[in-house]
Engineer: 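Take a look at this one; I'll ask things after.
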Number of protein chains: 2
Amino acid sequence: MRNRPIPEATVARLPMYLRSLLDLAEGRGVMTVSSEELARLAGVNAAKVRKDLSYLGSYGTRGVGYDVEYLLYQITRELGLTQDWPTAMIGIGNLGRALASYKGFAERGFRITALFDADDNVIGEEVGGIIVRHIDELKEAVAEEGLCIGIISTPPSGAQEVAEKLVDAGIKSILNFAPSHVNVPPDVNVRRVDLSVELQILSFYQQRTKAIETAREANRRLENQQTDRR
Amino acid sequence: MRNRPIPEATVARLPMYLRSLLDLAEGRGVMTVSSEELARLAGVNAAKVRKDLSYLGSYGTRGVGYDVEYLLYQITRELGLTQDWPTAMIGIGNLGRALASYKGFAERGFRITALFDADDNVIGEEVGGIIVRHIDELKEAVAEEGLCIGIISTPPSGAQEVAEKLVDAGIKSILNFAPSHVNVPPDVNVRRVDLSVELQILSFYQQRTKAIETAREANRRLENQQTDRR
DNA sequence: TGCGGTTTGTGATTGCACTCACAAGCCCGT
DNA sequence: ACGGGCTTGTGAGTGCAATCACAAACCGCA
Ligand SMILES: NC(=O)c1ccc[n+]([C@@H]2O[C@H](COP(=O)([O-])OP(=O)(O)OC[C@H]3O[C@@H](n4cnc5c(N)ncnc54)[C@H](O)[C@@H]3O)[C@@H](O)[C@H]2O)c1
Ligand SMILES: NC(=O)c1ccc[n+]([C@@H]2O[C@H](COP(=O)([O-])OP(=O)(O)OC[C@H]3O[C@@H](n4cnc5c(N)ncnc54)[C@H](O)[C@@H]3O)[C@@H](O)[C@H]2O)c1
């Protein structure tokens, strides 16, 4: 079991377990945690937690649970968070500024160490302690500073172009905040964060429940009419 | 087919098709689009596009493709974007400010119409043309102003408390930016956007490809040694 | 040492989503 | 009117992920 490749769905949940475990460890110095408890904290099914963790190895003790510290270390290692990944951000506008000065990333092993933009008015400016450079310096910076991850926070019109520059510079992991799909070679991993999409999905289900409510109301009225008639 | 419930995975993709169609319609006045083309733009498989769209109805024409305008309207309607959904945001810090003044949401039918915080220093301030109110006024505001969606952008420690207040006020759709899981009744829909999680997933795959590269390199060296020996 | 209570790890099963492949259907030119 | 070239819509097959259910294993206690 533990030599099999870890399913994508499991990888996506590991960070959630990590977060819950950190809460347990930092908050009160909890020593062990059961799959049931961890499931509650992370908001998933207990069996799923156990199966997920079993892909990493047999790190639990039957009848007891999982050692919080040990599990923390194992997940951290599995996610590759024992080393930190120098990260470049391209497009230093409203969103870029908020993200670049956010302290929460550093806590999780991501240091945004390089900022780039195409606008001369922005270049040279200092954001979160880092000087913004011209996008043309990207390739050199990646080579010299070992940048591994690229964050795109330009408008959608520039996203594809920026993605190509990142790929050309040798970056294999991209987080895209622009609401557009970017095309990259198959060995490059792109993840998209699109806030409007999330809102639109909420909208769909909201509308659906509203529609059901309205239908119920209509039904009730209909029934009342029939009762009146009798 | 078109009376069956729409699968979750399809709902999650509709916003992407919507975006691509808008690009087609606004950019050059494209009249029709094939599933192949739409798939390329949205970055998915053509068969998937067709199946997804077939859940909405038979809106395509064989041998021709889909009428862009008509399909746009149908997806918009299906997602509930023909009406707009007044949205409340709670926690007006760094991220909250960036989001509240972002114009991109309004374009997609979401108006952030009410801002709340718990900090007296923030309350009364104007952000993106809206006055920040105290969180205690939330319930009344929801009732009077018909707020439908709540966005949580407080630190994780406050997220659960805020979520409960939103639920208590009658909100059924929540977008949570705090990196923590919130517990809500089953009739409330929560979506989480967690940037660190996305980075951690990238980290996992990045580490994996690095490990493979290192292994290859080791192999190459080993082979060279053997060649030398002969 | 043995027993009862507890919790893990994992085969087995179910369900969902993706992909394939192709008949049905449309347009256009002749 | 009809045939050729396209493109949709969808049944069938496949694979992955979620859930169930239980044997195996552990702890503490008598
Ligand atoms: N601001 C928000 O709250 C918010 C919310 C959701 C999504 N987004 C998305 O995030 C992205 C950024 O939003 P923003 O509000 O920060 O935009 P912005 O206009 O404030 O900033 C964009 C920055 O990117 C730079 N840029 C443009 N083209 C570039 C290129 N080719 N190479 C390098 N730099 C380039 C610009 O000079 C500018 O500094 C957009 O795609 C937006 O849709 C923003
Ligand atoms: N800033 C970023 O770029 C960024 C990036 C990723 C994630 N996040 C997450 O987004 C959230 C907000 O981040 P931020 O940087 O804006 O934080 P912040 O500290 O700047 O702002 C938080 C705001 O929430 C308010 N608040 C706290 N508790 C509250 C409560 N119980 N009720 C109402 N209001 C309350 C505070 O008064 C403050 O104004 C955090 O959870 C953070 O982890 C932020």
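Here is the naming used below: chain letters follow the sequence lines, and residue numbers restart at 1 for every chain.
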Engineer: Where the side chain of A/Arg50 is concerned, which of C/dT8, C/dT19, C/dA17 is the nearest nucleotide?
Structural biologist: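 Of the candidates, C/dT8 comes closest.
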Engineer: How close or far is atom P of D/dT8 from atom CG of B/Leu38, stated in whole angstroms?
Structural biologist: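 Distance check: B/Leu38 CG to D/dT8 P gives 9 Å.
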Engineer: Are B/Val197 and B/Ile201 side-chain neighbours, meaning at least one heavy-atom pair lies under 4.5 Å?
Structural biologist: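 Of all side-chain heavy-atom pairs linking B/Ile201 with B/Val197, at least one is under 4.5 Å.
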Engineer: Is it the case that B/Tyr70 and B/Gln74 place a side-chain donor and acceptor less than 3.5 Å from each other?
Structural biologist: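 Present: a donor and an acceptor within the cut-off.
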Engineer: With a non-hydrogen cut-off below 4.0 angstrom, is A/Glu8 in contact with a base, only sugar-phosphate, or nothing?
Structural biologist: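 Touches sugar-phosphate only.
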Engineer: Can you check the B/Gln74 CD to D/dT8 P distance for me, whole Å?
Structural biologist: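 Answer to the nearest Å: 17 Å.
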Engineer: Can you check the A/Leu71 CG to C/dT8 P distance for me, whole Å?
Structural biologist: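 So the CG-P distance, A/Leu71 to C/dT8, works out to 11 Å.
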Engineer: Please pick, from D/dA17, D/dG9, C/dA21, the nucleotide with the shortest atom-to-atom distance to any side-chain atom of B/Ser54.
Structural biologist: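 Of the options given, the side chain of B/Ser54 lies nearest D/dG9.
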Engineer: Measuring to OP1 and OP2 of D/dA17, would you say a side-chain N or O of A/Asn45 lies under 4.0 angstrom away?
Structural biologist: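 No.
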Engineer: In whole angstroms, how far is the C1' atom of D/dG9 from the CD1 atom of B/Ile6?
Structural biologist: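 Atom CD1 in B/Ile6 sits about 16 Å away from atom C1' in D/dG9.
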Engineer: Calculate the interatomic distance between A/Leu56 atom CG and C/dT10 atom C1'; express it in whole Å.
Structural biologist: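 Spelled out: CG on A/Leu56 to C1' on C/dT10 is 15 Å.
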Engineer: I want to check one thing: is the phosphate of C/dA17, taken as OP1 and OP2, less than 4.0 Å away from some side-chain N or O of B/Tyr55?
Structural biologist: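 B/Tyr55 to C/dA17 OP1/OP2: no side-chain N or O under 4.0 Å.
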Engineer: To the nearest angstrom, how far is A/Tyr17 atom OH from C/dT8 atom P?
Structural biologist: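 Result: 13 Å.
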Engineer: To the side chain of B/Lys51, which of C/dT7, D/dG9, D/dT10 is closest?
Structural biologist: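 For B/Lys51, the side-chain atoms sit closest to D/dT10.
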Engineer: Side-chain contact test, heavy atoms from C-beta onward, threshold under 4.5 Å: evaluate it for B/Tyr59 versus B/Leu53 and give yes or no.
Structural biologist: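 B/Tyr59 vs B/Leu53: side chains apart.
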Engineer: Run the numbers on B/Arg40 and B/Glu36 for salt bridge (charged side-chain N to carboxylate O under 4.0 Å, His left out), then give the verdict.
Structural biologist: CA-CA 6 Å; B/Arg40 201 180 47 73; B/Glu36 202 75 43; over 6 Å; no
Engineer: Send over the distance from A/Arg40 CZ to C/dT7 P, rounded to a whole Å.
Structural biologist: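 Going from A/Arg40 (CZ) to C/dT7 (P), I get 13 Å.
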Engineer: The side chain of B/Ala9 lies closest to which of these nucleotides: C/dA21, C/dC18, D/dT8?
Structural biologist: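 Nearest to the side-chain atoms of B/Ala9, counting from C-beta on, is C/dC18.
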Engineer: Name the residue closer to the 5' end of DNA chain D, choosing between A/Lys48 and A/Thr61 according to the nucleotide with the nearest heavy atom.
Structural biologist: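 Checking each residue's closest nucleotide, the 5'-ward one belongs to A/Lys48.
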Engineer: Start at the 5' end of DNA chain D and walk down; is the nucleotide closest to A/Gly63 or to A/Thr10 reached first?
Structural biologist: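 Upstream on the strand: A/Thr10.
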Engineer: Identify which nucleotide among C/dT7, C/dC18, C/dA24 has an atom closest to any side-chain atom of B/Arg62, counting heavy atoms from C-beta outward.
Structural biologist: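 Per side-chain heavy atoms of B/Arg62, the pick is C/dA24.
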Engineer: Please state how far atom CG in A/Leu53 lies from atom C1' in D/dA17, giving the value in whole angstrom units.
Structural biologist: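 So the CG-C1' distance, A/Leu53 to D/dA17, works out to 16 Å.
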Engineer: Does A/Ser35 have a side-chain nitrogen or oxygen under 4.0 Å from the phosphate oxygens OP1 or OP2 of C/dT8?
Structural biologist: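 Looking at the OP1 and OP2 atoms of C/dT8, one of them is under 4.0 Å from a side-chain N or O of A/Ser35.
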Engineer: Can you find a heavy atom in the side chain of A/Phe204 that is under 4.5 Å from one in the side chain of B/Leu81?
Structural biologist: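 No, too far: nothing below the 4.5 Å cut-off.
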Engineer: Kindly say if A/Tyr66 contacts the phosphate of C/dG9, meaning a side-chain N or O under 4.0 Å from OP1 or OP2.
Structural biologist: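 Answer is yes, contact under 4.0 Å.
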